[in-house]
Amino acid sequence: MINFLGFRKGQVLPYRLLIYILICSSFFTVLGTSVQLYMEYKSDVGDIDQALSQIESSYVDTISASLWDINVDHVMIQLEGAKKLPGIRYLEVSDMTSDSIDPVASVGTVPSAEKVIERVFVLKHFVDGKAIPVGQLRVVADLENVFNRLQHRVFVVLLMQGVETFLVALCILIIIYYMVTSPLQEMSEYAQDMDIDNLERPLVLKRSKKRKKFDEFDQVAKAFNDMRLNLIKDIAERKKAEEALKQSNMIVEKSPVVLFKWKAEEGWPVELVSQNVTQLGFTADEFMSGNLNFIDIIHPDDLEKVSAEVKMYQDSNVDHFKQEYRIVDSAGRILWIDDSTVIARDTEGTIIYYMGIVTDSTDRKKSEDELARLRNLLKNTIDSMPTVLVGIDSKGHIIQWNRSAEEETGLTWDEVKGLPFIEILPQLENEQELIAEAISKFVIREKQKIPFISDGSVNYKNLKVYPLRDSEERGGAVLLIDDVTMKSRLEEMMIQTEKMMSVGGLAAGMAHEINNPLGAILSGVQGAERRLSPTLSKNVEVASDIGVNLNKMQEYLEKRGIIGYLRGISDAGRRAAQIVRNMLEFSRKSESIRGPMNVKKILEKSISLAANDYDLKKKYDFKTIDIRRDYEQVLPQVNITETEIEQVFLNIFKNAAQAMSEKDFSDERPCLTLRTRKDGKYVRIEVEDNGPGMKEEVRKRVFEPFYTTKQVGLGTGLGLSVSYFIITRNHEGEFFVESEPSKGTKFIIRLPSTGVS
């Protein structure tokens with residue numbers, strides 16, 4: 001039949017249309033038949049349910065009364081009548097008046113089919129309004145006739161519908177062929193024969209000429225012909241564009257710029273790449289084959305950063321951005337590249353692809369890194385200088401500021417950049433003329449010991465000005481500021497030391513000179529006392545010769561206090577001799593040697609020396625201070641240099657006396673407590689005063705060189721620092737201080753013991 005209709009070999013659409021029409025028609029035929037059969041089934045089942053309801057309403061009460069009267073014949077008559085109802089096949093009545101349920105009457109046979117409907121009704125008889133169960137009625141209905149009728153109905157309906165469906169499908173197929181398939185076949189043949197070389201032949205459909213209006217196929221044919229004309233025009237333009245693109249590609253291939261086009265997919269597959277990608281160590285075929293995605297060449301350490309930046313630009317709706325990162329070529333070389341990327345989006349804002357211009361920047365990056373390294377080296381060198389370095393331009397504005405300058409002023413580079421240097425370093429206001437001269441004459445200028453006053457203390461700085469030449473014009477200068485405070489103080493200390501050495505030598509010479517008349521005084525006093533004593537026989541003999549009673553003379557001398565004067569002269573002379581001896585021992589440092597010493601003895605000797613210390617300006621007198629001694633009786637000796645430890649104790653005693661002189665004692669007296677204890681392998685010496693004490697910030701700095709709380713000219717700040725050096729370095733001991741404001745100060749010294757008492 002297909003051949004009869006004129007279908008050509010190879011045509012698929014007519015067959016598919018016929019199959020789809022048959023399938024759809026059959027589906028709806030089966031669906032409609034199923035619905036119709038289901039409705040008929042429900043109707044037949046409803047008749048059976050109605051019959052069962054009729055039995056319940058019309059027969060149950062009658063059968064219950066007959067069974068109560070034990071009228072089995074009447075029961076049988078009722079059952080025969082109920083069996084005539086539609087679908088009823090079996091009825092059975094059972095007696096329940098005894099303990100068991102016994103059938104008493106039945107009609108029909110129980111059907112063997114599985115599809116049955118069974119109901120059981122309880123038979124009750126009412127006596128005086130009370131229901132008494134007398135039995136039960138079992139009813140069984142059969143659906144076999146219902147299903148047999150439905151099967152016959154299915155066969156008839158399906159047969160009629162099948163024939164109807166086939167005929168309708170055949171008619172539709174013929175109509176579709178002549179109206180649709182044939183024109184499509186002509187357009188298909190035209191499309192198959194269409195070629196760039198024969199675009200001049202138009203598409204003409206073989207259709208009836210009586211048609212007055214264009215239908216859809218005429219419109220398609222016109223669209224084909226319009227497309228053909230547009231193709232002819234586009235091909236001509238494309239040839240021109242290809243020629244221009246070819247020339248552009250030649251320019252690109254010879255340039256250092258590599259063009260990329262990536263798909264907006266995972267891994268950034270490369271859709272297009274210029275042939276000069278070989279300069280990056282790859283070939284275009286590696287990317288275009290799909291074996292290598294762009295993300296595969298990004299350095300692993302830069303991949304996360306690059307991905308995060310791309311996502312950021314995407315979320316910000318940026319269409320163009322630049323990146324700098326590393327790639328790894330197929331040979332393992334690491335290259336730096338500059339990537340300028342354009343994001344292409346559709347009208348809805350969805351990203352379609354990326355286009356990028358990639359340039360190898362490895363050489364430039366190396367140069368920049370080297371330049372950054374040199375700049376960093378220069379900065380670190382400048383910052384590591386202990387000298388304050390300040391660069392200024394020709395107008396005196398700051399252009400360089402090292403770390404020492406930050407530490408000196410507490411200001412960072414960002415805070416001082418571009419400011420006039422005189423605002424930041426007002427101490428150099430008087431040196432502006434010197435700096436201007438160095439810049440204008442392009443000569444080095446310097447000035448020494450410029451006073452810088454900070455927090456009430458005076459520091460001294462040396463200033464050096466080095467002029468700078470900016471290209472062909474004379475520019476600013478570099479100011480180097482060195483702190484020479486310690487150096488100045490050391491120089492002053494050396495001068496003072498020389499003076500003290502001279503005074504020490506003079507004192508030693510004076511002590512020697514004093515010893516001679518002092519010895520004569522002591523000898524004269526002792527001789528006078530001996531010659532006045534009545535206990536010497538020679539004195540008695542001489543007194544008798546001249547008629548003098550020595551006992552009376554002795555009584556006279558006692559009453560007039562002459563003996564007391566002589567004893568006072570003797571005591572004072574001995575004290576003066578002891579002072580001279582102590583001074584001589586303290587001044588003979590070159591003769592001092594280290595050896596085991598008794599701490600108690602050195603403390604007492606130092607107290608004796610300190611007792612003669614009297615401030616010339618009447619600020620304190622050591623003799624007015626109470627000395628309290630708390631010595632441990634059995635104390636091991638320490639291996640020390642006696643004169644050095646004496647110097648330490650004298651410094652502590654002097655500082656304590658000066659501190660206590662500044663406190664107003666009302667109900668108490670200045671007191672100095674000396675305490676010694678054995679402390680493990682050490683001997684612990686404590687010197688505690690009841691002076692004004694120290695603040696915590698002062699206590700932390702008392703051992704720093706040149707740190708002093710005294711007014712200028714009253715102290716150098718070296719006494720305790722030298723003492724700390726003597727204890728910790730020279731004697732391997734420990735030296736620390738405990739103090740609180742208004743609670744006094746305690747200096748604690750721990751010296752290694754010899755273990756021998």
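Within a 6.0 Å sphere centred on CZ of Arg729, heavy atoms belonging to other residues, nucleotides or ligands number 12 at most. More than 12 heavy atoms of other residues, nucleotides or ligands sit less than 6.0 Å from atom OH of Tyr631. In the displayed structure, Lys746 atom NZ is contacted under 6.0 Å by more than 12 heavy atoms of other residues, nucleotides or ligands. Atom CZ of Phe735 has more than 12 heavy atoms from other residues, nucleotides or ligands within 6.0 Å. Within a 6.0 Å radius of NZ in Lys365, other residues, nucleotides and ligands contribute more than 12 heavy atoms. Within 6.0 Å of NZ in Lys552 there are 12 or fewer heavy atoms belonging to other residues, nucleotides or ligands.
With sequence neighbours left out, the side-chain contact (heavy atoms from CB on, under 4.5 Å) criterion links Glu632 to Leu635, Thr676, Arg677, Lys678. With sequence neighbours left out, Lys447 forms a salt bridge (charged side-chain N to carboxylate O under 4.0 Å, His left out) with Glu431. For Glu668, the salt bridge (charged side-chain N to carboxylate O under 4.0 Å, His left out) test picks out Lys663, with sequence neighbours left out. In this structure Phe725 satisfies the ring pair (Phe, Tyr, Trp, His ring centres under 6.0 Å) test with no other residue, sequence neighbours excluded. Among residues two or more places apart in sequence or in another chain, the salt bridge (charged side-chain N to carboxylate O under 4.0 Å, His left out) test is passed with Asp302 by Arg326. In this structure, the salt bridge (charged side-chain N to carboxylate O under 4.0 Å, His left out) partners of Glu696, at least two apart in sequence or on a different chain, are Arg699.
Arg373 and Glu370 are joined by a salt bridge, as a carboxylate oxygen and a charged side-chain nitrogen come within less than 4.0 angstrom of each other. Using a cutoff of 4.0 Å between basic side-chain nitrogens and carboxylate oxygens, Glu688 and Arg628 are not scored as salt-bridged. For the pair Glu368 and Lys366, the salt-bridge criterion is not met [side-chain N within less than 4.0 Å of a carboxylate O].
For Ser753 (side chain) and Lys681 (main-chain N/O), a donor-acceptor pair under 3.5 Å exists by modelled atom type. Proximity of a side-chain donor or acceptor of Asp679 to a complementary backbone N or O of Val683 within less than 3.5 Å is not detected. Side-chain atoms of Asn402 come within 3.5 Å of backbone atoms of Ala405 as a donor-acceptor pair (strictly under, hydrogens ignored). For the pair Glu437 (side chain) and Leu434 (backbone), a donor-acceptor distance under 3.5 Å is absent. Remark: side-chain polar atoms of His731 are paired, donor with acceptor, to backbone N or O of Ile726 under 3.5 angstrom. A side-chain donor-acceptor contact under 3.5 Å links Asn690 to the backbone of Cys671. Although no hydrogens or angles enter the test, the distance criterion places no donor-acceptor pair under 3.5 Å between the side chain of Trp413 and the main chain of Ile399. Without hydrogens or angle criteria, Gln432 side chain to Glu429 main chain gives a donor-acceptor distance under 3.5 Å. The backbone N or O of Asn376 sits less than 3.5 Å from a side-chain atom of Asn380, completing a donor-acceptor pair. For the pair Thr409 (side chain) and Leu411 (backbone), a donor-acceptor distance under 3.5 Å is present.
Put simply, CE on Met660 and CD1 on Ile625 are 4.0 Å apart, with the number rounded to the nearest 0.5 Å. Note that CD1 of Ile422 and CD of Gln427 are 8.5 Å apart. Values are rounded to the nearest 0.5 Å. Rounding to the nearest 0.5 angstrom, the gap separating the CD1 atom in Ile602 from the CZ atom in Phe649 is 6.5 Å. Taking CG of Leu557 as the reference point, atom NZ of Lys559 lies at 12.0 Å (rounded to 0.5 Å).
Of the listed residues (Leu389, Val390, Val478, Leu468), just one forms a side chain to side chain contact (heavy atoms under 4.5 Å, CB included) with Gln400, and that residue is Leu389.
In this structure, Lys461 is positioned above the aromatic face of Phe452, its NZ or CZ under 6.0 Å from the six-membered ring centre and within 45° of the axis.
Side-chain polar atoms of Glu446 and Tyr466 form no donor-acceptor pair below 3.5 angstrom. When only modelled atom types and interatomic distance are considered, Asn639 and Thr754 share no side-chain donor-acceptor pair under 3.5 Å.
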Applying side chain to side chain contact (heavy atoms under 4.5 Å, CB included), run through Lys417 and Trp401 and close with a yes or a no.
CA-CA 8 Å; Lys417 182 180 180 181; Trp401 190 258; over 6 Å; no
Give the intermediate values and the outcome of side chain to side chain contact (heavy atoms under 4.5 Å, CB included) for residues Ile685 and Ile748.
CA-CA 6 Å; Ile685 305 104; Ile748 302 170; over 6 Å; no
Would you please test Gln637 and Met597 for side chain to side chain contact (heavy atoms under 4.5 Å, CB included) and show each step?
CA-CA 5 Å; Gln637 294 182 334; Met597 298 288 177; 6.0 Å; no
Kindly determine whether Ile727 and Leu751 satisfy side chain to side chain contact (heavy atoms under 4.5 Å, CB included), including the steps that lead there.
CA-CA 8 Å; Ile727 295 298; Leu751 294 171; 4.0 Å; yes
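The shortest distance between side-chain heavy atoms of Ile444 and Pro467 falls below 4.5 Å.
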